[in-house]
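The structure appears below as structure tokens.
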Amino acid sequence: MSEDAVRLSALLLTEDGGVSADETLRVFMVKLLGHLAPGAVTRDDTRWWEPASVEARDVVRADGWKDPRRVDRVRFLQYVAAKLRQTHGFVFFHVDGDRVYRRRAESENLHKFEALIRAGVRTILKAPPARRRGRRRSSVEEVDAEQLLAKLVLLMPFYSIEAWLFQNTEVATRLCPGPPRCRRGCAKKLARWRLDRGALDEISKPKEELCFGARHNVALAGAGFPLDEILRANKSLRDAVEDLEACASLVRTLEQMMPSWQR
């Protein structure tokens, strides 16, 4: 890729405080963005993604993002807005729904994300860049703010991200040590989920279902992930992919990044 070529610049944010959370999200996003534009981004090319700053991670994790009393909240929203203002800048924000999919409308996290994060970033984007006497905000600025806000994409699995990752049943089966070390009946559960790709979205706290919990999330996000099968189940991952597809500027940027023979 030449230095002047179009390049995605994505800020990855996750509320997950696990040691492998950032890497899991990056590997998973390669999979999702590859669905939109094959070959546009790769796991080994670190130029397309931006790890969150220490300050941003402190806000996002441990439910800090939904605490309106945080004194650093405005700086965090400004940080997100600054990324969206970049020509090829996008923000992918992972927050668990903490509800099963059939009860997604009751998700506190969903409502608070819209009220505290998206609405807060919208306010900053709509603010004029500099105050001038007699200057009025134009309708063009209003439209541009909404276009920029579309580049903030929520990734919300129900109940949690393991509802997506445990769909990699082939890899998960190999990771389970089997009896007698495994006492969770992983093999039977994974066989059932393989046949019913919508089942995991309806399990409360799926991380507790398998014997290895969240210890292998990076591996589960990678090779063997059956994305097309899961999308056909029309549940939370399909919702996330549709939101990505609805972001016209993201699709356009990815298409410009694809190898010329694939365009």
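Sequence positions, counted from 1, serve as the residue numbers for this chain. Bear in mind that the values here come from a model prediction, so they are computed numbers and not experimental data. Any value given below was found using the heavy atoms of this structure, including those in side chains, with hydrogens, waters and symmetry copies removed.
For the pair Trp193 (side chain) and Ala163 (backbone), a donor-acceptor distance under 3.5 Å is absent. In this structure a side-chain-to-backbone donor-acceptor pair under 3.5 Å is present from Arg57 to Ala52. A donor-acceptor pair is defined here as one N or O able to donate and one able to accept, closer than 3.5 Å; such a pair exists between the side chain of Ser107 and the backbone of Gly97. At distances below 3.5 Å, not a single donor-acceptor pair connects side-chain atoms of Arg26 with backbone N or O atoms of Pro51. Using modelled atom types, one side-chain atom of Lys151 and one backbone atom of Gly89 make a donor-acceptor pair closer than 3.5 Å. Although no hydrogens or angles enter the test, the distance criterion places a donor-acceptor pair under 3.5 Å between the side chain of His111 and the main chain of Ala105. A donor-acceptor pair under 3.5 Å is absent between the side-chain atoms of Gln78 and the main chain of Ile124, judged by distance alone.
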#### Entry: salt bridge (Lys or Arg N to Asp or Glu O under 4.0 Å) evaluation trace for Glu255 with Arg252
CA-CA 5 Å; Glu255 288 176 345; Arg252 183 166 56 250; over 6 Å; no
- Query: When you look at Arg7 and Asp45, which way does the salt bridge (Lys or Arg N to Asp or Glu O under 4.0 Å) test go after all the steps?
  - Reply: CA-CA 11 Å; Arg7 189 163 65 203; Asp45 185 354; over 6 Å; no
Working note: Leu8 + Phe90, criterion side-chain contact (heavy atoms from CB on, under 4.5 Å); need CA distance, chi angles, decisive distance, verdict. CA-CA 8 Å; Leu8 177 72; Phe90 300 85; 3.2 Å; yes
Residues Tyr79, Val91; criterion side-chain contact (heavy atoms from CB on, under 4.5 Å); working and verdict: CA-CA 10 Å; Tyr79 173 67; Val91 179; over 6 Å; no
- Message: Pair Arg118, Phe113 - check side-chain contact (heavy atoms from CB on, under 4.5 Å), show working.
- Response: CA-CA 6 Å; Arg118 200 181 300 278; Phe113 180 85; 3.4 Å; yes
Kindly determine whether Lys235 and Asp196 satisfy salt bridge (Lys or Arg N to Asp or Glu O under 4.0 Å), including the steps that lead there. CA-CA 12 Å; Lys235 291 200 172 179; Asp196 182 1; over 6 Å; no
* To do: Step by step, work out the side-chain contact (heavy atoms from CB on, under 4.5 Å) result for His94 and Trp164.
  => CA-CA 12 Å; His94 158 240; Trp164 293 353; 5.6 Å; no
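Looking at heavy atoms from C-beta onward, Glu108 lies out of side-chain contact with Asp98 at the 4.5 angstrom threshold. Between Trp49 and Phe92, every side-chain heavy-atom pair lies at or beyond the 4.5 Å cut-off. Under the 4.5 Å side-chain criterion, counting only non-hydrogen atoms from C-beta, Cys186 is not in contact with Lys189. Between Ile117 and Leu154 there is no side-chain heavy-atom pair separated by less than 4.5 Å. Residues Val95 and Glu15 have side chains in contact (heavy-atom distance under 4.5 Å, counting atoms from C-beta outward). A heavy-atom distance below 4.5 Å is found between the side chains of Glu146 and Arg122. For the pair Pro38/Met258, a side-chain contact is recorded, criterion being any heavy-atom separation below 4.5 Å from C-beta on. Phe166 has its side chain within reach of Leu220: a pair of non-hydrogen atoms, C-beta onward, lies under 4.5 Å apart.
For the atom pair His35 NE2 and Leu231 CG, the distance stands at 5.0 Å (nearest 0.5 Å). Taken from CG in Leu152 to CG in Leu13, the straight-line distance is 8.5 Å, to the nearest 0.5 Å. Gln167 contributes atom CD, which lies 10.0 Å from atom CG of Leu190 (distance to the nearest 0.5 angstrom). Between the CG atom of Leu155 and the CG atom of Asp96 there is a distance of 10.5 Å, given to the nearest 0.5 Å. Atom OG1 of Thr173 and atom CZ of Arg194 lie 5.0 Å apart (nearest 0.5 Å). One finds the CZ atom of Arg232 at 10.0 Å from the CG atom of Leu227 (value rounded to the nearest 0.5 Å).
Contact detail for Thr14 and Ala21: the closest heavy-atom pair is CG2-CB, 4.1 Å. The minimum heavy-atom distance between Arg61 and Asp16, with the atom names listed, is NE-O, 3.1 Å. Contact record, Ser236 with Pro157: OG-CA, 3.9 Å, taken as the closest heavy-atom pair. The shortest heavy-atom contact between Ala145 and Leu125 is O-CD1, 3.8 Å. Here the shortest heavy-atom pairing between Val6 and Met257 reads O-CG, 3.4 Å.
Between Trp65 and Phe93, the two ring planes are perpendicular [angle over 60°; tilted spans 30° to 60°]. Taking the six-membered ring where tryptophan is involved, the planes of Phe212 and His216 are perpendicular, since the angle between them exceeds 60° and thus also 30°.
Hydrophobic clustering (side-chain heavy atoms under 4.5 Å, transitive across Ile, Leu, Val, Met, Phe, Trp, Tyr) keeps Leu110 apart from Val100. Val27 and Leu11 fall into different hydrophobic clusters, where Ile, Leu, Val, Met, Phe, Trp and Tyr side chains are chained together by heavy-atom contacts under 4.5 Å. Hydrophobic clustering (ILVMFWY, side-chain heavy atoms < 4.5 Å, transitive): Leu116 and Val60 are in distinct clusters. Under the 4.5 Å side-chain heavy-atom criterion for grouping Ile, Leu, Val, Met, Phe, Trp and Tyr, Leu12 is connected to Phe225 within one hydrophobic cluster. In this structure, Leu36 is a member of the same hydrophobic cluster as Val153, with clusters built from ILVMFWY side-chain heavy atoms closer than 4.5 Å.
Salt-bridge check for Arg75 with Glu55: failed, with every basic side-chain N at 4.0 Å or more from each acidic carboxylate O.
A cation-pi arrangement is present between Arg104 and Tyr101, with the terminal nitrogen or guanidinium carbon under 6.0 Å from the aromatic centre and inside a 45° cone about the axis.
Using a 3.5 Å distance cut-off with no hydrogens or angles, the side chains of Glu162 and Asn217 do pair a donor with an acceptor.
Annotation for Lys31: atom NZ counts as buried by contact number, over 12 foreign heavy atoms lying within 6.0 Å. Heavy-atom neighbours of Glu170 CD from other residues, nucleotides or ligands within 6.0 Å: at or below the threshold of 12.
Screening Glu50, His88, Lys83 for a side-chain hydrogen bond (donor to acceptor under 3.5 Å, both in side chains) with Ser9, the sole residue that qualifies is Lys83.
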